[in-house]
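For reference, the structure is listed below as structure tokens.
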Amino acid sequence: MKIENIDALEDIDSFDEFDEQRAKRPLQTAFDSVMDRALSRRDMMGAALTFSVSTFLTSAAFPAAALAAPVSEDVFGFDNVAANSLDTVTVPEGYRWQVVTKWGDPLFSTAPEFNEASLGDAASQLQAVGDNNDGMSLFEVEGHTLLVVNNEYINRRIFYGNRHKGRPETADDIAKGKAAHGITIAELTFAGGREDGEWQLLKDSPYNRRITADTEMELSGPAAGHPLLQTEADPAGVSVLGTINNCGNGETPWGTYLACEENFNGYFSSSDEELELPEEFVRYGVGHKDFGYDWASHDERFDIARHPNEPNRFGYVVEIDPGDASKMPKKRTALGRFKHENAAVVLAKDDRVVVYMGDDERGEFLYRYVSHDPYVVGAPTSKLLNNGTLYAAKFYDNLKGAWLPLTPETTGMSPAEICIHTRLAASKVGATTMDRPEWVAAHPARAELYCALTNNKNRGVKPNAGGDETPAAGPNPREKNVYGQILRWLPDKGDHGASGFHWGLFALAGNPKLHKGAKAGSSNINTANMFNAPDGLAFDQMGRLWIQTDGKYSDKGDFEGMGNNQMLVGDPASGDIRRFLVGPKECEVTGLCWAPDRRTMFVGIQHPGEKGNSSFPLGGGHVPRSTVIAIRREDGEKIG
Ligand code: FEO
Ligand code: CA
Ligand code: CA
């Protein structure tokens, strides 16, 4: 497909696809490696699955007592929900859900209610919940319950549904778009009893605020001040306006929120069609055309012909103090620059801070950051995400793996360059190209990590954007991987600071109704629980893995019988997976967190009706709106 104009973006399935249409990649031709891949795939799948049911099941070294007790003998505590294509949320019997916030809900009583005809303007959007909620956390700050939620992007056809072909037309339209990005912080209150109580947004809370694509933030860490971060507006290279495309999230032990910038490249374009693109731009998908947001036409800093360093100031993890608006958000360059999915923060045995992070693009890498200094409760934390070492993951066919340090010695790049052009550094050390690493989740009671590898139709077909080969092997065993898989690994000696690990696959998604062999998926996938494109992952305190999907919802072809996007629960011990929730039409289910008493789970329903076929959550032909819902058990018992 040839992309001729921005409308074409609506017809393709992912931002990866758009990047590839703009920058064609060479076909892989080495016949030998094709043969090797075919052989190693069989071996690896067998070995990996054996590993997943033996090593993990027999390990007795883990302190199970640290986990909360399950509410029932059955670790799941609910019956599998059947797949469906309804325009609503479906949860198991014995559970109920309610809307908590949705795009455009005012945070202040001075702001207007959402207007379905005008769809708001920049002024109203600045005082309202942003669009496309994604990763989120709940914080308790001085007795107040704060929901902090990423607003990843906008769906033009809905967001500008009052404009011709859903295109922004005025400067205010663009400003409204920028105001709908970033992060929403909103105080929530709970009213009623355990069995009938409901959550709602507390208007006018002093904690309510928006962080947008224009909010001032600090560039910190090794890349701060580097010439590649310097611009006309910021000659020192230490201050940037805004955060964009915040996908997954993270939380630090010291109570801050991490928002992860993902497809930042899609906001930049060039007024000079002939502009030559440096290798680094090509690797990061920064090109002549944006994804259709059209920001450069009203804010020249998104024009790479005029401000070529501006894209270098995006693609980071941003640390935010949820309860203190006077503290400026900080982009933590030490955590690297790539299409960040989320940030899973844990402590090594010596209390150094370890952050696991995926780079969500076909054939990109899985990363780990280890701080130089340990986290000490009560001691200053401002440098813990500035001084440390980045590593990229290497997976070996013997089910072992290694974290390869990205240093001046291993890459020939300066510390600042490693932070800015992290992908190039990881290519230099020969890290393993992955099937789009999405969220990483850390088990709450032991050193055991999971990562959703959502899919990769290029696996075994062509290299990544940097030319690194993508053989079907190791944790990415299937060519033209349409379904995705969930990887897990155990750090050596149970220590997140160790340089090695053992890996296995928790699940290979597939369709056993249609296929035999690799496309049927692993043995824990059946016709009742099958899904595609695992994306969001999080553990509850009972040690159960919650799995959210951002996949094909056609319910046809390879995806027949899977219905809408959904949320499932995996049991790390048995490998069993059960479907808990089905989302409304054309949504993605992404983002989850729990109330402190674990009796409520908050779940994100992103972009319902992205192709025009939903009116969730209000129904009845109303404008579809991304929504945060709350789920509780009808008996008020714990849900995680
Ligand atoms: Fe925003 Fe990789 O999902
Ligand atoms: Ca995601
Ligand atoms: Ca996604």
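Indexing begins at 1, ligand by ligand and atom by atom, following the structure's order.
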**Atom name, Glu152 (N, O or S, nearest to atom 1 (Fe) of ligand 1)** = OE2
**Message:** Is the distance between the ring centroids of His340 and Phe264 under 6.0 Å?
**Reply:** no
**Message:** Please name the atom of Glu262, limited to N, O or S, that comes nearest to atom 2 (Fe) of ligand 1.
**Reply:** OE2
**Prompt:** Going by an N to O cut-off under 4.0 Å, is there a salt bridge joining Arg423 and Glu364?
**Reply:** yes
**Message:** Under 2.8 Å from atom 2 (Fe) of ligand 1, can any N, O or S atom of Asp550 be found?
**Reply:** no
**Request:** Looking only at N, O or S atoms, find the one in Glu341 nearest to atom 2 (Fe) of ligand 1 and name it.
**Result:** OE1
**Asked** Checking only N/O/S atoms, does Asp535 have one that is under 2.8 Å from atom 2 (Fe) of ligand 1?
**Response** no
**Message:** Under a plain distance cut-off of 3.5 Å, with no hydrogens placed, do Gln485 and Tyr483 share a side-chain donor-acceptor pair?
**Reply:** no
**Message:** If the test is salt bridge (charged side-chain N to carboxylate O under 4.0 Å, His left out), which one of Arg459, Arg478, Lys457 qualifies with Asp435?
**Reply:** Arg459
**Asked** Just checking, is any N or O donor in the side chain of Gln606 or Thr590 under 3.5 Å from an acceptor N or O on the other one?
**Response** no
**Asked** Is the charged tip of Arg167 near the ring of Tyr160: under 6.0 Å from the six-membered ring centre and within 45° of its axis?
**Response** no
**Request:** State, to the nearest 10 degrees, the angle whose vertex is the Ca ion (ligand 2) and whose arms point to OD2 of Asp535 and OE2 of Glu341.
**Result:** 120°
**Request:** With atom 2 (Fe) of ligand 1 as the reference point, give the N/O/S atom of Glu438 that is nearest.
**Result:** OE1
**Request:** Could you tell me which N, O or S atom of Asp360 is nearest to atom 2 (Fe) of ligand 1?
**Result:** OD2
